[in-house]
Amino acid sequence: MPELAEVEFFRKRWHQAAVGQTVTDVSIHERARVFVNQRAALAVRKALPGRTLLGSEAAAKQMCFRFSDDLWLGVHLGMSGELRVEPAGYVPQKHDHMVLHTAGHALVFTDPRMFGGVELHCGPEAPAWWARIAPSLLSPAFTVEAVAAFLRRRARAPIKAVLLMQERFPGIGNWMADEILWRAAIHPRQPAGSLRAAEVRVLWRECRRVCRLALATIAGRGDYLPTSLNAHIPASWLFLHRWTDGGRCPKTRRPLCRETVGGRTSCWSPARQKLHR
DNA sequence: AGACATGTTGCTCA
DNA sequence: ATGAGCAACATGTC
């Protein structure tokens, strides 16, 4: 599930429940693959109890939770990861790989498909992998020129595949890429290098707009949402129609289509997104 | 039963 | 060297 806005939602959920609180105990699933190795799992279990959660940040699809004594806990949710908050005393279930217990809550990292990852870093500075994350879509460094240069370098790849490249489009995943292309009226198979200057500008603008809208809609609420993160997505977005068989484009009312592009199932509106040249 | 899933990496080939 | 395409990872669901 997690792309940029869902990641921010999950970060907030843990943060709001536990910032300022001290970890009293850590439960780790015996075959938790989310750790690089057994040693990493042991390190978490050994290092976190007694430390206080001081703050947290999300960037792209990564999260970093900062604890006292220069400890940083990095979390990536992979394909199916989620962070939950359960009452104190929660007993970990099958897919709960790591649970941080505090006096008031249990912070649960759950991930059925186990593509997620957790890593611990100790030191005064944020870990190197954190510093290497590309500048946010909403930052001044994400310029239309930078996008244009990147598309030139990936000229022959379908634009859909290029939007999924985290080194330039941090946090964009399959649904966001489809949403952006649909709003920009660009066909997912259009070679990146064949976009006209005006199209590149629209693409850049829609990247930022979808990022902003997704954050406001999915992550922008202070309370804990009920089970479904999607309940608040407007029907005017492609998002709500992309997996529906016989789904129709909210703008043209014409049928949507679904095919694999760049190795991922993509949904677009043929009436609106046409291949050219 | 079989296809497929909102992610990433590492391999092959051009 | 660099870019494009694809299998692999593990498990649940339709």
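Counting to the nearest Å, the P atom of C/dA10 and the NZ atom of A/Lys94 are 14 Å from each other. In this structure, the NZ atom of A/Lys160 is 13 Å from the C1' atom of B/dG7, given to the nearest Å. Taking atom CZ of residue A/Arg264 and atom P of nucleotide B/dC4, one finds them 13 Å apart after rounding to whole Å. To the nearest angstrom, C1' of C/dT2 lies 12 Å from CZ of A/Phe150. As rounded to whole Å, 10 Å separates atom P of B/dT6 from atom CG of A/Leu164. Distance CG (A/Leu240) to P (B/dT6): 15 Å, rounded to an integer number of Å. At whole-Å resolution of the value, CD in A/Glu167 and P in B/dG7 are 15 Å apart. Atom-to-atom, CD1 of A/Ile218 to C1' of B/dT6 comes out at 10 Å; the value is rounded to the nearest Å.
Nearest-nucleotide assignment on DNA chain B puts the 5′-proximal partner with A/Arg113, out of A/Arg113 and A/Gln166.
Using a cut-off of 4.0 Å between Lys/Arg side-chain N and Asp/Glu carboxylate O, A/Asp25 and A/Arg45 are scored as not salt-bridged. Salt-bridge annotation for A/Arg84 and A/Glu86: present, with a side-chain N of the basic residue lying under 4.0 Å from a carboxylate O of the acidic one. Salt bridge A/Arg205/A/Glu199: absent, no basic N to carboxylate O contact under 4.0 Å.
For the pair A/Thr110 (side chain) and A/Glu82 (backbone), a donor-acceptor distance under 3.5 Å is absent.
Counting heavy atoms of neighbouring residues, nucleotides and ligands inside a 6.0 Å radius, atom CD of A/Glu125 does not exceed 12 of them.
Nucleotides C/dA4 and B/dT6 are separated by 23 Å at their C1' atoms, to the nearest Å.
C/dA10 has no stacking from A/Phe115 on its base ring, since the centres under 5.5 angstrom apart and planes within 30 degrees of parallel are not both found.
An OP1 or OP2 oxygen of C/dG12 is reached within less than 4.0 angstrom by a side-chain nitrogen or oxygen of A/His95. The side chain of A/Lys61 places an N or O atom within less than 4.0 Å of a non-bridging phosphate oxygen (OP1 or OP2) of B/dT8. One finds no side-chain N or O of A/His76 lying less than 4.0 angstrom from the OP1 or OP2 phosphate oxygen of B/dG7.
Aromatic ring centres of A/Trp14 and A/Phe65: separated by under 6.0 Å.
The closest side-chain heavy-atom distance from A/Phe35 to A/Val44 is below 4.5 Å.
At least one cation-pi condition fails for A/Arg242 and A/Trp237: the charged atom is not both under 6.0 angstrom from the six-membered ring centre and inside a 45 degree cone around its axis. With a 6.0 Å cutoff to the six-membered ring centre and a 45° limit on the axis angle, A/Lys251 counts as a cation-pi contact of A/Trp182.
A/Gly173 comes within 4.0 angstrom of sugar-phosphate atoms only, judged by non-hydrogen atoms across all strands, and of no base.
The aromatic rings of A/Trp72 and A/His121 lie tilted to each other, with the angle between the two planes from 30° to 60°.
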Can you check nucleotides 3-5 of chain C for protein contacts, nitrogen or oxygen pairs under 3.5 Å, and list what you find?
residue : atom : partner  : partner atom : Å
C/dG3   : OP1  : A/Arg153 : NH1          : 2.9
C/dA4   : OP1  : A/Arg154 : O            : 3.4
C/dA4   : OP1  : A/Arg156 : N            : 3.2
C/dA4   : OP1  : A/Ala157 : N            : 3.3

When Watson-Crick pairs (N1 to N3 and N6-O4 or O6-N4) and G-U wobble pairs (N1-O2 and O6-N3) count only below 3.5 Å on both distances, what is the dot-bracket string of DNA chain C, with | for other-strand pairs? .||||||||.||||
